[in-house]
Amino acid sequence: MFKPSRAPILPPETDYSKQLKENSFYRYGHLRPLGLTGEVSALAVDPLLSLFAVGTSSGLVHVYGQAPFQFTLPVSTISSSGPAASIKFLFFHPGHHRLIIIDSSSTLHTFSLQHMTDHPNPLTHPPLPVKEISYTLWGTVTSVDQPLPSHTHLFFTIKDGTTLTWDLSRRGLGNWKIGNCWSDYEHRMMKSGIPGRRKTLGGPMATCISMNPRDLNTLLIGYEGGIVAWDIQKNVVVKTFEMTLPPGAPGGGSYQDADGSLWTERTPSVTSIAWRPDGLVFAAGHADGCIAFWAYSESDKPLMVRTITHEDVNVTDAESLFDAGALDNQLRKVEIDPQGNEVPTAVAANREPIFKLTWASFPDQTTLKTQIAAQGADPTLEPISNATVEYAERGETLLLVLGGQSPGEKPGVNILQFPAYKPPLLRRGTTPQSPSESMPLQERYAYRDSLAPTGSSNYLTKTPPEDFILLPRSNPYFNLAHDPIAIIISLTPDMNLPQVQQPTALRGLESWVFPPPRSTVIPPSPGRKNYVLPGEGEKLVAMTPAPTLGTPSASTPRSGSFSGSGWRLPWTTPGASPVPSPTLSVPTPDSLYGTAPQKRKVRRQLRLPSCLWSGGLSVLAMEMYALPTPTFKRLISYAIENAGEEDVPRLPIHGGMAVPDLQSHGAPDVKVAKMESYRIFITSHADCTIRFWDASPHLLLLPTPLRFEYPGPLPHLTISIGDYLKHPDVQHLPLAQLWMHDRSKVRIKSVHLAKEALECVITFWTGEIIVTKFAEAKGKARDNEVEELDENMNNEHDSGYFPSISSQTHNNEQGWVEEVLEIGHLAKYKTDGFKPVAIFTMKRGEPICTAVSDIGFIAVAFASKTVAIIDMRGPDVILREGFNEDGEQMKKKKKKGNVQNVLGEQSVVGSMRWVVSGMGADLINRPRLIVSYAKGMTKIYVLINSLGEWIVETKPPTFTNESLAGPIASFVLDPINGNELSASSEALQAAMRNQEVPEHNKKEIPVHCLWIAASKKSIRCAINFNGERVSKVELDDEELSDVFYVTRHGQKVLVAVTTTGSAHFYSVPHLEYITRVDLYYGTEGRPAGKLSMDDRSGDFIEYCGPLDINLRTFFHFRKPYPPRLDPCTLKRVVPAQPVPLNASSMVGGWIWGGAPLTGAQLDHLIAGPTRPPPPKVPPPPPKPLITWGKPPEEPEKVIQTASTGAMPNRTAVKKQRAPARDPRERNDVYSEMTDAATQRGNYLDGLNDSLNSVSESASNYYTQARNAAMKEAAKSTAKGVFGKLL
């Protein structure tokens, strides 16, 4: 117990709150939401505006452009009729600056990106695109065709098979309509008497739609049974494409069929369509996982039917059937895995359907040369990659396949690399043609040769991909797949991530540079055989029977058999198939250009815009810290100096412009805003990474236009826990073992930052503690680290979160594990960042309270009613309360035990605080730890430096107060100015220098600190911890959940947040009630989420879950407004509509004769003569966008004389231009550091020029000296000759 002498008295006039006692100084407000608010459900890009959009299940669309440009568009909101409808289809209308959205309720919404709203109150109504119309359709929309710049109609299909159009320019449903064409086709087939034909129950559903990229007159509509080609000018079906698998053909399955469907005729449903960019061939994906390739000119049978790994799966092969044991009276072969389990067949395992197909192309030679010559002229265009040049030089195309994989194959987006189409030289009347063929055989061979892959690649993902979209360089045609520079992939939920109770966005997002490096290995085709088709003049045609799962005996090889499993990816080890790939009738690229030497190829990942937190990046906790300016400069200096040279660059989208709003009423003053403190966000994510973000308000105000992203990512500070735990030196730790065997249980509990020492402490739910410390880069920077793709392509994929793990691991779960493991040698000093220091394994369960200091001490309290104090100078544990060094519970104190181990209190800890101060009658400032227990007891541990080592007094002063039961927070204040006393290095150095007791009246102890202790039911302020109580507040009907000590403009206030979502404000130190603010809107209260406060501005983060993170404030005065936006700042030139190519000459004639259909003609045909006039265009904005970033000019003050009121005569002064900035005005950190980097670059450039000048001068001097020497030699020679003659 404390033994106080005469209690000191605090002067009654002491007041740290001052003007903050007025309740008019408080205004609760919402600043901005952070992160996504729903599951990712749709993706879209606009190559002309260079924008990227993400639709969510909460009915919101997030649009991103260049770094500062972003906005959230509420499309479907929660109403009395039900929850918000999910975004189902999302498109930009390139060239027309329009956003098209269809939600899950089949309501079509369009928004104009050229016109932005302008509300008088931008806080509640930020600038957003103007809504054009919302229209609820009468059926469920199943597919939508990508709108083109050349016309203004949107084609889409309804579930019942109907095809409709929407007039985008007139904002209404078009009169043009197509019924269920496949239902009519089935009816005609039944009437024709063909056996086995029947109608689809409920009518065939329309599944996909696609317009010919080079002919607007041809529209393909996919149904469950097949595909029809619609002629828009004739308004009739001109072709029908139906892929039927004959009995014995495996299709997407295998010959080892268990359900009997192998011997039936099958017509798998069509799921997707993709045109080849030349408009001559299209691919159709089917529900059984196979892909049918059709020449548009021949609808009788496909050119080829294949899966991802096998060709000609629509061909029945008796030899393969016999090898597989699929014939009658044969035993079915069973494949056994190494564990002795039967491997299921592909049919039984149900191969994935083909979910999506995209056929990518690249510029031709002329366009490529033009783009290369113009590189650098437009900074918004990405430089042309080597891979793009390689594909373009060979005329190759890439078919991206989503789905179609068998179980056990690595998930990802598969890519087939096809050669250029080489049309044959056909002569009329001399071309052989089979009776069964409607196409000349040489032409068919040429088509098939163009469909024989010259290589294959893939984008492996952590989980199966759900959708993907390509980002073109600038071309809006070819289904947004021409000259792509990036691919964005959405992933299915990852079951290895920690499960959270709150709603979260489980689908992840990834982005990679596109195209991938060109593959030089032709994928093997297991089981391929050569057959001679009957008919005169025909040639060998490569036919690929479908695979078997059995392994033939080595003693009885058969033609076409192959070793190993038949379901082998094309990128497996070469030589798995003894049968070589067939010889192509056209030269291969390697034969034309020569086989290049084997090189290690790389692919590069891209960073998505900030706040796209989903999947592995779902935020599980978030903290906000206000930092001193020097500390903040240290953290961001690397990002400023290396801007544009990041290892993982941002997704190349450059559209839109954001301008700070400095003109609206209540806008902040830039000069005042520059004085605000800089701050950061620290987020912990589901993939066990800790990320740092620049969240300073300056980013929303400077410069004009805005240049930085908010929050600004600081990727060089990212802490990846997996990189530590997968290292062999730590694999014996329980946390590392858990990481290897059950990663869903490795979850970060809390993250704490020492703001001056820059030590980051990470605690885990399992009780481990990892300490990292900021350090600057050392040594020479290495090349960019990108994921390496081995040329063999059979290595295990390591995508960061799923590293390859050795099967031989340390089995020390039952053995001894060190309490402290130093891991400083795991640090990488390529960049600035937080480097690992140590891992502490206490074995005490969940940590519930952590206190960090700037003097190297850390305290952690556990749910097992134990406490540990850590000194990072060792590092070492210098006190264990309630347990010993082996992690065992202490029931009694041993006489000869470790003095660092003390008995614990039978109560959990509620709060802890480090401070350097005196205590009671002890006036000497020392490091102290205030530990408040749930039962109302408080301990104050004192740290003493003895012979250079810090030790903890094991018998600390304690006292108990019932009003302190259920503690929440503690604050120790300086009685002179009310500033919070902290455990800083400056305070510790001052205390170490002055260890003498200050002079004072021995009968009266001076006031050296004020202690404010907050519990669930009360707040208490006392002098010197144990002195006179200054004030006390008790709550009868409410309980407190958080208490904060906030300083605003030098004035202090105490903020107490209740469990019902209200904030009470009290003056300091007398705890006088000021006002109450509700943290909700409406009449019904709600519990507040976890709050993280910026104690310098009153702004705070309220975290209620991964999908509910908001930045709010208690002082909503002159805070940054949402920026003014212009999505159409970057307007690239709209290219002309591609024209059809002639299949025979490829020169430029039209397939169907006559001029091709233009976009205007298409609009006229679809809309008809009764098309209404276009609606009125909204008026332009009242002033240019850039003017919003200029502070309002103050009106000139007119001074009149007192007598006459007239202006006095003054001497005319010559007008001078005012300086751009007052030299005395404080500059912001970003400008200072950017200017410093620019000056350094200019200095280096000047130094280089000087060195060049010196080199040039030396070269000139050398030349002059040599010439002079030659002249002197010539003179000497001449004198010698003439001397002899004379």
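Bear in mind the structure is a predicted one, so any value in this text is a computation, not a measurement. Positions are given from 1 along the sequence.
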Check your understanding: Side-chain contact, heavy-atom cut-off 4.5 Å: I930 with T938?
Key -> yes
**Study point:** Candidate pair W613 and M622, rule side-chain contact (heavy atoms from CB on, under 4.5 Å), full reasoning
**Key:** CA-CA 12 Å; W613 298 327; M622 194 170 190; 3.9 Å; yes
Point to revise | Stepwise side chain to side chain donor-acceptor pair (under 3.5 Å) test for H716 and T718 | key: CA-CA 6 Å; H716 63 285; T718 299; over 6 Å; no
Check your understanding: Does N642 reach the main-chain N or O of E645 with its side chain, forming a donor-acceptor pair under 3.5 Å?
Key -> no
Practice item. Would you name the heavy atoms of V860 and P847 that are closest together and state the gap between them? Key: CG1-CB, 3.9 Å
Review point. With respect to F834, which candidate in Y829, Y724, F774 satisfies the ring pair (Phe, Tyr, Trp, His ring centres under 6.0 Å) definition?
Key: F774
Review point. Does one side chain, of S750 or H752, offer a donor that lies under 3.5 Å from an acceptor on the other?
Key: yes
Review point. Between E885 and E818, is any pair of side-chain heavy atoms under 4.5 Å apart?
Key: no
Review point. Do L635 and L758 have side chains that get closer than 4.5 Å, going by heavy atoms?
Key: yes
Check your understanding: Do L753 and I682 come within less than 4.5 Å of each other through their side chains, counting heavy atoms only?
Key -> yes
**Study point:** Candidate pair F1100 and L1111, rule side-chain contact (heavy atoms from CB on, under 4.5 Å), full reasoning
**Key:** CA-CA 6 Å; F1100 63 94; L1111 180 60; over 6 Å; no
Check your understanding: Looking only at heavy atoms, which two atoms of Q731 and K726 are closest? And how far apart?
Key -> NE2-O, 3.1 Å
Check your understanding: What's the shortest heavy-atom distance between W914 and A983, and which atoms?
Key -> CB-CB, 3.8 Å
Point to revise | Any side-chain donor near an acceptor of the partner, W512 and E510, under 3.5 Å | key: yes
Review point. Taking side chain as C-beta onward, heavy atoms only, is I748 less than 4.5 Å from T763?
Key: no
Point to revise | Donor-acceptor contact present, side-chain S907 to main-chain A934, <3.5 Å | key: yes
**Study point:** Trace of the side-chain contact (heavy atoms from CB on, under 4.5 Å) decision for I769 with V761
**Key:** CA-CA 7 Å; I769 303 154; V761 180; 3.7 Å; yes
List the atom pairs, donor and acceptor, that lie under 3.5 Å between side-chain atoms in residues 866-879 and the rest of the protein, sequence neighbours left out.
{"from": "T866", "atom 1": "OG1", "to": "S864", "atom 2": "OG", "distance (Å)": "3.0"}
{"from": "D871", "atom 1": "OD1", "to": "R873", "atom 2": "N", "distance (Å)": "3.1"}
{"from": "D871", "atom 1": "OD1", "to": "R873", "atom 2": "NH1", "distance (Å)": "2.9"}
{"from": "R873", "atom 1": "NH1", "to": "I855", "atom 2": "O", "distance (Å)": "3.0"}
{"from": "R873", "atom 1": "NH2", "to": "I855", "atom 2": "O", "distance (Å)": "2.5"}

Study note, to complete from the structure: The reported gap from CG in L1040 to CD1 in I968 (rounded to nearest 0.5 angstrom) is 5.0 Å
Point to revise | Flag if over 12 foreign heavy atoms under 6.0 Å of CD, Q889 | key: yes
Point to revise | Smallest separation among heavy atoms of S677 and R1096, with atom names | key: OG-CB, 3.7 Å
Practice item. Look only at the side chain of E709 and the backbone of S610, and say whether a donor-acceptor pair between them is shorter than 3.5 Å. Key: yes
Review point. Quick one: do R913 and E980 make a salt bridge, cutoff under 4.0 Å?
Key: yes
Check your understanding: Under 30°, 30 to 60°, or over 60°: which ring-plane class applies to F857 and W950, parallel, tilted or perpendicular?
Key -> perpendicular
Practice item. Check whether any side-chain heavy atom of I1101 lies under 4.5 Å from a side-chain heavy atom of R1112, and answer yes or no. Key: no
Point to revise | Any donor-acceptor pair under 3.5 Å from R507 side chain to V40 backbone | key: yes
Check your understanding: Looking only at heavy atoms, which two atoms of E819 and F883 are closest? And how far apart?
Key -> OE2-CE1, 4.0 Å
**Study point:** L1107 backbone acceptor or donor facing T37 side chain under 3.5 Å
**Key:** no
**Study point:** side-chain hydrogen bond (donor to acceptor under 3.5 Å, both in side chains) contacts in which one or both residues fall within residues 614-624, not counting sequence neighbours
**Key:** T504-S618, E623-K1090, E623-S1092
Check your understanding: Around atom NZ of K1016, are there more than 12 heavy atoms of other residues, nucleotides or ligands at under 6.0 Å?
Key -> no
Check your understanding: Looking at residues at least two apart in the chain, or sitting in another chain, which of them share a salt bridge (Lys or Arg N to Asp or Glu O under 4.0 Å) with D1094?
Key -> R679
Practice item. For the pair N496 (side chain) and R743 (backbone), establish whether a donor and an acceptor sit closer than 3.5 Å, ignoring hydrogens and angles. Key: no
Review point. With under 30° as parallel and over 60° as perpendicular, where do the rings of F632 and Y678 fit, or are they tilted in between?
Key: parallel
Review point. side-chain contact (heavy atoms from CB on, under 4.5 Å) between K828 and K835: does it pass, once the steps are laid out?
Key: CA-CA 7 Å; K828 298 178 181 179; K835 314 303 179 185; 5.5 Å; no
Practice item. Determine yes or no for a side-chain-to-main-chain donor-acceptor pair under 3.5 angstrom, with D647 supplying the side chain and P649 the backbone. Key: no
Exercise for review: Could you verify whether a donor N or O on one side chain and an acceptor N or O on the other, from T689 and S720, lie under 3.5 Å apart?
Suggested key: no
Review point. Under 4.0 Å between a Lys/Arg side-chain N and an Asp/Glu carboxylate O for E905 and K865?
Key: no
Check your understanding: Looking at CE of M842 and OG1 of T766, how far apart are the two atoms once the value is rounded to the nearest 0.5 Å?
Key -> 12.5 Å
Exercise for review: Locate the shortest heavy-atom distance separating C760 from I719; write the atom from each residue and the value.
Suggested key: SG-CD1, 4.0 Å
**Study point:** Check: H727 side chain, D729 main-chain N or O, donor-acceptor pair, under 3.5 Å
**Key:** yes
Check your understanding: Taking C-beta and beyond as the side chain, do E881 and K939 meet within less than 4.5 Å on heavy atoms?
Key -> yes
Check your understanding: Under the 3.5 angstrom rule, does the side chain of Y933 hit a backbone N or O of G910 as a donor-acceptor pair?
Key -> no
Review point. Are any of the side-chain nitrogens in R926 or E953 under 4.0 Å away from the carboxylate oxygens of its partner?
Key: no
Check your understanding: Is there a side-chain contact between V1057 and L1079, using heavy atoms and a 4.5 Å cut-off?
Key -> yes
**Study point:** Check: V619 main-chain N/O paired with Y1103 side-chain donor or acceptor under 3.5 Å
**Key:** yes
